[in-house]
Protein chains: 2
Amino acid sequence: MTRDLEIITTIFKDLSFTQEESQLLVRSFEKLHLPKHSLLLEAGQHVYDQYYVAEGCLRTYYIAPDGKEHTVQFAIQDWWISDYTAFFNSSTASMHIECIQDATLFKISKVDMELLYKAMPRIESYFRKKMERAFASFQKRIIANLSQSATERYLNFINTYPNIEQNVKNYHIASYLGVTTQSLSRIRKELVQG
Amino acid sequence: MTRDLEIITTIFKDLSFTQEESQLLVRSFEKLHLPKHSLLLEAGQHVYDQYYVAEGCLRTYYIAPDGKEHTVQFAIQDWWISDYTAFFNSSTASMHIECIQDATLFKISKVDMELLYKAMPRIESYFRKKMERAFASFQKRIIANLSQSATERYLNFINTYPNIEQNVKNYHIASYLGVTTQSLSRIRKELVQG
DNA sequence: CAAAAAAATTGACCTATGGTAATTAAGCTA
DNA sequence: TAGCTTAATTACCATAGGTCAATTTTTTTG
């Protein structure tokens, strides 16, 4: 075992593995560094991989036909990121992924994922649970979008991601909340003034 | 094997099982009929189960503090339904589930689900993939909510669920799209008149 | 089939948020 | 530090969609 076991001690820290399993895991992942402002993925590209964020911050966004950006997801430490619709279907991305803080990622292909699932059902359980949590949080966001005002959604956001504000621009937050930067600016002003 | 194998031939029609596995499956599910207008689940109740829709139509909705209803999901034939946030966490529902067309359901508890996963990793794969598809479709809906007008979302809806219109009321659709019934009515008028 | 109840539509008016554009502030880079 | 670039703020007007209230249409039920 020459290659490091960082993957196991960070991503799968709650599971334990045999020697052989560890080796398979290590072989399946590739570590990479990504500088701020670079694009990890662009719309139109084939999506083979998903990425675990060991450090840094990224965002997935969609560019609508009218040219406007809509942030679908932020990913910080211990999150996974990809264009999942494309990843699951082994098809072409409709979204972009941008690094917004220098990041360290662990990359794994869909093909290797499937092999891991077969070899270690525990891993499949791990990802099923991940999906369940992601599902629940998307559902929560849909409800928020349907039932709350922009101000409420903003308060909700800074509550949910208390540390993220250092990293992300206001227009990232605005495009996540579904308002213009001008509106967000007014909302912030209102909140300060009372 | 006295009990029927309906579950296997409908829910898991793409998988095959041993005699023993079949028995476990049959024992895990319970069939039930639900009349139109009845509530399958109410906010505040403990959520132990999820349901497979063999026939009929249901919807999950959230009632906001201001009393307004927001439809989170419709479930038709071959879909699963529950308050998933509560189901995954074995906690209390924040949503209601209403039957909007006489339904036949197969119910299974979370505890029994976990047993199935352990006994048959194929079943866990099946549900992981279900979750992936649900995840992708929620993401699509978030993007639609962020980037499209009410009219576009409506057209999108009747495109995605071409048959559902017979079953559901306009105010169900409105509360799914995030507009008032009055607005939806105007939108429909516009579309007819051109 | 008639009456009652539920759902959908319409109109007049209102409000939150968007669009455009100019101004200020903050971050980088030479 | 100055100068350039990017981001944020502000002001003014426009508009999609909300609110309230009345009316019509559809569905349900005795």
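Numbers restart at 1 for each chain; the letters A, B, ... are given by sequence-line order, proteins then strands.
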Rounded to the nearest Å, what distance is computed from the [atom1] atom of residue [X] to the [atom2] atom of nucleotide [N]?
X: B:Arg188; N: C:dT9; atom1: CZ; atom2: C1'; answer: 10 Å
X: B:Leu191; N: C:dA8; atom1: CG; atom2: C1'; answer: 16 Å
X: A:Ile100; N: D:dT6; atom1: CD1; atom2: P; answer: 18 Å
X: B:His37; N: D:dT28; atom1: NE2; atom2: C1'; answer: 10 Å
X: B:Leu177; N: C:dA8; atom1: CG; atom2: C1'; answer: 16 Å
X: B:Tyr154; N: D:dG17; atom1: OH; atom2: C1'; answer: 17 Å
X: B:Lys189; N: D:dG17; atom1: NZ; atom2: P; answer: 16 Å
X: B:Gln182; N: C:dT10; atom1: CD; atom2: P; answer: 12 Å

Report task. Would you please name every residue forming a side chain to side chain donor-acceptor pair (under 3.5 Å) with A:Glu6, sequence neighbours left out? Result ->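 So A:Glu6 forms a side chain to side chain donor-acceptor pair (under 3.5 Å) with A:Lys31.
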Query raised in the report: For A:Ser90, what residues pass the side chain to side chain donor-acceptor pair (under 3.5 Å) criterion, not counting sequence neighbours?
Result: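 Residues passing side chain to side chain donor-acceptor pair (under 3.5 Å) with A:Ser90: none at all.
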Report task. Would you verify whether the NZ or CZ of A:Arg141 falls within 45 degrees of the ring axis of A:Tyr176 while also being under 6.0 Å from that six-membered ring's centre? Result ->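 Positive - A:Arg141 is close enough to the ring of A:Tyr176 and near enough to its axis.
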Report task. Please check the phosphate of D:dA8 (OP1 and OP2 only) for any side-chain N or O of A:Asn170 closer than 4.0 Å. Result ->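 So the side-chain polar atoms of A:Asn170 do come within 4.0 Å of the phosphate oxygens OP1 or OP2 of D:dA8, strictly under.
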Requested in this report: Report the end-to-end axis angle of the helix from C:dC1-D:dG30 to C:dA30-D:dT1; each axis comes from five terminal pairs, and the value is rounded to 10°.
Outcome: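 Comparing the first five pairs with the last five, the axes sit 50° apart.
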Query raised in the report: Which pair of heavy atoms, one from A:Ser175 and one from A:Thr71, lies closest together, and at what distance?
Result: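 Looks like OG-OG1, 2.5 Å.
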Query raised in the report: Does the pair B:Glu124/B:Lys118 count as a salt bridge with the N-to-O cut at 4.0 Å?
Result: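 So B:Glu124 does not pair with B:Lys118 through a salt bridge.
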Query raised in the report: Do A:Arg186 and A:Glu190 sit within salt-bridge range, that is, some charged N less than 4.0 Å from a carboxylate O?
Result: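 Answer for the salt bridge query: no.
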Mind listing the N/O atom pairs, protein and nucleotides 16-18 of chain C, below 3.5 Å?
| from | atom 1 | to | atom 2 | distance (Å) |
| --- | --- | --- | --- | --- |
| C:dT17 | OP1 | A:Ala150 | N | 3.1 |
| C:dG18 | OP1 | A:Gly178 | O | 3.4 |
| C:dG18 | OP2 | A:Thr180 | N | 3.3 |
| C:dG18 | OP2 | A:Thr180 | OG1 | 3.2 |
| C:dG18 | OP2 | A:Ser183 | OG | 2.5 |

Requested in this report: Please answer: with hydrophobic residues joined when any side-chain heavy atoms are less than 4.5 Å apart, are B:Ile108 and B:Phe88 in the same cluster?
Outcome: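 Yes, because B:Ile108 and B:Phe88 connect within a single hydrophobic cluster, where side-chain heavy atoms sit under 4.5 Å apart.
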For residues 98-107 of chain B, please give each side-chain donor-acceptor pair under 3.5 Å, one per line with the distance, not counting sequence neighbours.
| from | atom 1 | to | atom 2 | distance (Å) |
| --- | --- | --- | --- | --- |
| B:Glu98 | OE1 | B:Arg59 | NE | 2.7 |
| B:Glu98 | OE1 | B:Arg59 | NH2 | 3.1 |
| B:Asp102 | OD1 | B:Lys36 | N | 2.8 |
| B:Thr104 | OG1 | B:His33 | ND1 | 3.3 |

Query raised in the report: Tell me, do B:Gln148 and B:Asn156 make a side-chain contact under 4.5 Å, heavy atoms counted?
Result: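 The answer is yes; the side chains approach within 4.5 Å.
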Requested in this report: Assess the side chains of B:Asp14 and B:Tyr126: does a donor N or O sit below 3.5 Å from an acceptor N or O?
Outcome: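 Absent: no donor and acceptor within the cut-off.
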Query raised in the report: How are the rings of B:Phe87 and B:Tyr84 set relative to one another: parallel (under 30°), tilted (30 to 60°) or perpendicular (over 60°)?
Result: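 If you compare the ring of B:Phe87 with that of B:Tyr84, the planes turn out perpendicular.
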Report summary line: Per-nucleotide protein contact along nucleotides 22-30 of chain C, 5' to 3', at a 4.0 Å heavy-atom cut-off (B base, S sugar-phosphate only, - neither), is ---------
